[in-house]
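Values in this document were obtained by computation on a predicted structure and should not be read as measured data. Computation of the quantities below employed the complete heavy-atom set of this structure, encompassing side-chain atoms and omitting hydrogens, waters and symmetry-equivalent molecules.
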Amino acid sequence: MSDLHLALLGPVRMWQDGTEVPLGSPQQRAVLAVLLLHEGRVVPGEELVDALWGDVPPKGAWGTLRTYVSRLRQVFAGSAVAIRTAGTGYAVQTPPGSVDAVVFRTLVTRARDQAAAGDPGAGATTLAQALALWTGEGLDGAPGEYLAQQRARLQAARLAATELRFALLLDAGTDASGQEDVTAELTLLVRQHPYLEQLRELLMRALYRQGRQADALAVYHAGETLLRDELGIDPGPALRAVHQRILVSDPGLLTGLPRPSSGPLPGQPGPAPTLLPARLPHFTGRDTELARIADAFAEPADGRTTTVGVHGLDGLGRSALVVEAAHRAGDRFPGGRVYADLAQVSGDFSEVLSAWLGAYGVPAAEVPGSATARAVRLREATGGRRVLAVLDGVEDTTTPGLLTAVLPPGSAVLFVARRRHPEPVSTTWVRVGPLPASDGLRLLAHVAGHDRVAAEPAAAARLVSLACGWPLSLRLVGGRLNTHPHWSAAATADQLAHELTHPAETVHDDCLLAEAPILRAYARLRPAQARALRRTSRLGDETFGIHQAADALGTTCEDAWSVLDSLVELGLLTETSPSGLPRGTTYRMAGVVRAFARRRPDDGDGPGARPVRRDRAALYVAS
């Protein structure tokens, strides 16, 4: 049997035994397209005339139509395609599998069946085969309003198949490269179809699967703004549901697991969810900090709620530490572990509470309106069992205080903040500083490769020292070694040392990434703090004493100690030999902080022109 192929999913064309067969004028192709779209059913002559010329056909339209059909029969002579006459109408008969539009629909149906049978991977593969049939917009070049409408119908079916394919890929799980491809394709589709919420939902899921929670939330907020500004409507329930699940790091988004369809009755315990971000690969060190958090999680005899605050400068691994601690504490909290990043929450905390209630199986229709009522409902849903609530991005302690008041007895709130807060009063504070040298070497080996570090132990140790034990800096240095496998660790250390000691206007991208947390901290400093950081950065060494600092600031040792101690509290300085007395304190400024501060323009005041005043209370409140 000859190989015959008729194409509608692009220009209307025909191939016989691998050779394209001319189909005549655009109008003649249009007649064939209409007949093929009816898949063997008779098309009355009136409909064909309307499809070709609309409401105002030319004189002799019927004769012209018969001419087109006659010429098409000549084209098909000797092939398996036949056009038969039925009254005043016509029907086309084609071999099975010869018309691409029919094959496309068959494959889509098969893919849906495969997905329903629990094999999303097979369904996604089948849909890829279906979508590969397309070579254009569909019915390209075929004239007439009727075929324009059919083109729109085919495009809608193509878009639906595309959406389904991405959904099945996410449900099936893909490797890292596959996730990047899905994200790239979905990003383009969302730009092309900004009002289609299903595509936006899929892009959010794909970004979240890549660990890009902030980017996923940004996609939601962009869509929310667009829908409200352009159409005056809010996002639909499906898109809002994915947004809430991302806010609480729902692991179901990683596995494609369905959400609970019904919840417990008020007063009855629901499930015990584990809504935590994934653990950081190669988490290293922090044994002392983890032990302090674990000790704080011990169930108190008086049944109160424990609060643990982790503070320190961005980039030192605060978030990774609390996530690791929360994963290790699973057995202690039978009521579940929930999570939210408050820095990514656009509204008030009631939005997070609503998402948590959904995780405990409470239907959306039963979620109260106010934050207070939702908090009370959350306590009911936990059934009185111990719960761990993990909060990142805490700017004040209002939210931890709210949870402390409503969580069941013996529960715990573990939160991340940039600095210590005076409330809640009973909070156990755990400070995150640089990694010790041994842990820094382990982290560098994880990132750059153990063989690479073992081959140049002295250079590797120097890299750890230059990075001052900052996990972010160490990961960036390790990444630089991976990017340049022909570089030695010694050469990399020399380059890094030069960049840190010779600040320039043009800065390496890795340095900008390492400095991003410092820039955020610097933007929040009071003028006295910023001035102190800039001026002490210009001292000869990374380590300096209080007398040197006082000279640079033009003030007394006591007043210099006051402002520098606030910078220690913020993590921008470390005390290398704290004596408990201002005049005996020695400080160290990490190289990356020093390089950043030295590039900041000073205020032009000479030493002593504007002395630093002791204002610890004001500094503490503003920091």
Exercise. If you round to the nearest 0.5 Å, how far is CZ of Arg13 from CG of Leu32?
Worked result: 13.5 Å
For this session: For the pair Arg158 and Glu163, find out whether any cationic side-chain nitrogen is under 4.0 Å from an anionic carboxylate oxygen.
Result: no
For this session: Answer whether the closest heavy-atom distance between the side chains of Leu207 and Thr183 falls below 4.5 Å.
Result: yes
Exercise. Is Gln28 reaching over with its side chain to a backbone N or O of Leu23, donor-acceptor style, under 3.5 angstrom?
Worked result: yes
Exercise. Considering only heavy atoms from C-beta outward, does the side chain of Leu8 approach that of Gln150 to under 4.5 Å?
Worked result: no
Problem set entry | side chain to side chain donor-acceptor pair (under 3.5 Å) partners for Arg337, two or more places apart | Thr274
Seminar exercise, completed: Heavy-atom closest pair (Ala30 atom, Leu147 atom, distance to 0.1 Å) is CB-CD1, 3.6 Å
For this session: Determine, stepwise, if the pair Arg379 / Leu407 fulfils side-chain contact (heavy atoms from CB on, under 4.5 Å).
Result: CA-CA 6 Å; Arg379 184 183 181 114; Leu407 288 177; 5.9 Å; no
For this session: Over all heavy atoms of both residues, which pair between Pro368 and Leu357 is shortest? Give the atoms and the distance, please.
Result: CD-CD1, 4.2 Å
Problem set entry | Check: Leu169 main-chain N/O paired with Asp171 side-chain donor or acceptor under 3.5 Å | no
Exercise. Crowded around Arg151 CZ? As in, over 12 foreign heavy atoms under 6.0 Å?
Worked result: yes
Exercise. Measuring from Leu227:CG to Asp234:CG, what's the distance to the nearest 0.5 Å?
Worked result: 8.5 Å
Problem set entry | Check: Val322 main-chain N/O paired with His327 side-chain donor or acceptor under 3.5 Å | no
Seminar exercise, completed: In this structure, CZ of Arg105 is separated from CG of Asp100 (nearest 0.5 Å) by 11.5 Å
For this session: Applying side-chain contact (heavy atoms from CB on, under 4.5 Å), run through Phe166 and Leu202 and close with a yes or a no.
Result: CA-CA 7 Å; Phe166 285 124; Leu202 291 169; 4.1 Å; yes
Exercise. Quick check: are there more than 12 heavy atoms from other residues, nucleotides or ligands sitting under 6.0 Å from CG of Asp229?
Worked result: yes
Exercise. Is any side-chain heavy atom of Val390 less than 4.5 Å from a side-chain heavy atom of Phe415?
Worked result: no
Problem set entry | Under-4.0 Å salt bridge between Glu201 and Arg205 | no
For this session: Search all heavy atoms of Leu414 against all heavy atoms of Ala325 and return the closest pair with its distance.
Result: CD2-CB, 4.3 Å
Exercise. Hey, does the side chain of Thr135 reach the backbone of Leu9 with a donor-acceptor pair shorter than 3.5 angstrom?
Worked result: yes
Exercise. Okay, side chain of Arg228, backbone of Ile233: is any donor-acceptor separation there less than 3.5 Å?
Worked result: no
Exercise. Considering only heavy atoms from C-beta outward, does the side chain of Leu127 approach that of Leu107 to under 4.5 Å?
Worked result: no
Exercise. Parallel, tilted or perpendicular for His38 and Tyr146, by the 30°/60° rule?
Worked result: parallel
Seminar exercise, completed: Rounding to 0.5 Å, atoms CG (Leu443) and OG1 (Thr284) come to a distance of 4.5 Å
For this session: State, yes or no, whether a side-chain contact exists between Leu199 and Leu159 at a heavy-atom distance under 4.5 Å.
Result: yes
For this session: Test side-chain contact (heavy atoms from CB on, under 4.5 Å) on Val219 and Arg200 and set out the steps.
Result: CA-CA 7 Å; Val219 169; Arg200 196 171 292 273; 3.4 Å; yes
Exercise. Checking Arg386 side chain against Arg332 main chain: does a donor-acceptor pair fall under 3.5 Å?
Worked result: yes
For this session: Return yes if some donor-acceptor pair links the side-chain N/O of Asp17 with the main-chain N/O of Asp3 below 3.5 Å, else return no.
Result: yes
Exercise. Between the main-chain N or O of Glu137 and the side-chain N or O of Gln155, is there a donor-acceptor pair closer than 3.5 Å?
Worked result: yes
For this session: Would you check if the side chain of Thr19 reaches a backbone N or O of Trp15 as a donor-acceptor pair within less than 3.5 Å?
Result: no
For this session: Classify the angle between the aromatic ring planes of His243 and Tyr220 as parallel (below 30°), tilted (30 to 60°) or perpendicular (above 60°).
Result: parallel
Seminar exercise, completed: Nearest heavy-atom approach of Leu239 to Pro235 is CD2-CB, 3.9 Å
Problem set entry | Note, Val92 side chain near Leu36 side chain (heavy atom, < 4.5 Å) | yes
Exercise. Nearest heavy-atom pair of Ala142 and Val12: which atoms, and what distance?
Worked result: CB-CG2, 4.4 Å
Exercise. Between Tyr208 and Leu170, is a side-chain contact (heavy atoms from CB on, under 4.5 Å) present by the stated rule, with each step listed?
Worked result: CA-CA 11 Å; Tyr208 183 78; Leu170 292 173; over 6 Å; no
Exercise. For the side chain of Ser411 and the backbone of Val387, is there at least one donor-acceptor N/O pair under 3.5 Å apart?
Worked result: yes
Seminar exercise, completed: Between Gly123 and Ala111 the two heavy atoms that sit nearest each other are O-CB, 3.4 Å
Exercise. If you measure from NE2 on His193 to CG on Leu188, what distance do you get to the nearest 0.5 Å?
Worked result: 8.5 Å
For this session: Using a 4.5 Å cut-off on heavy atoms from C-beta on, say whether the side chain of Ile246 contacts that of Met204.
Result: yes
Exercise. Taking side chain as C-beta onward, heavy atoms only, is Leu378 less than 4.5 Å from Arg374?
Worked result: no
Exercise. Roughly how far, to the nearest 0.5 Å, is the CZ atom of Phe76 from the CD atom of Gln16?
Worked result: 10.0 Å
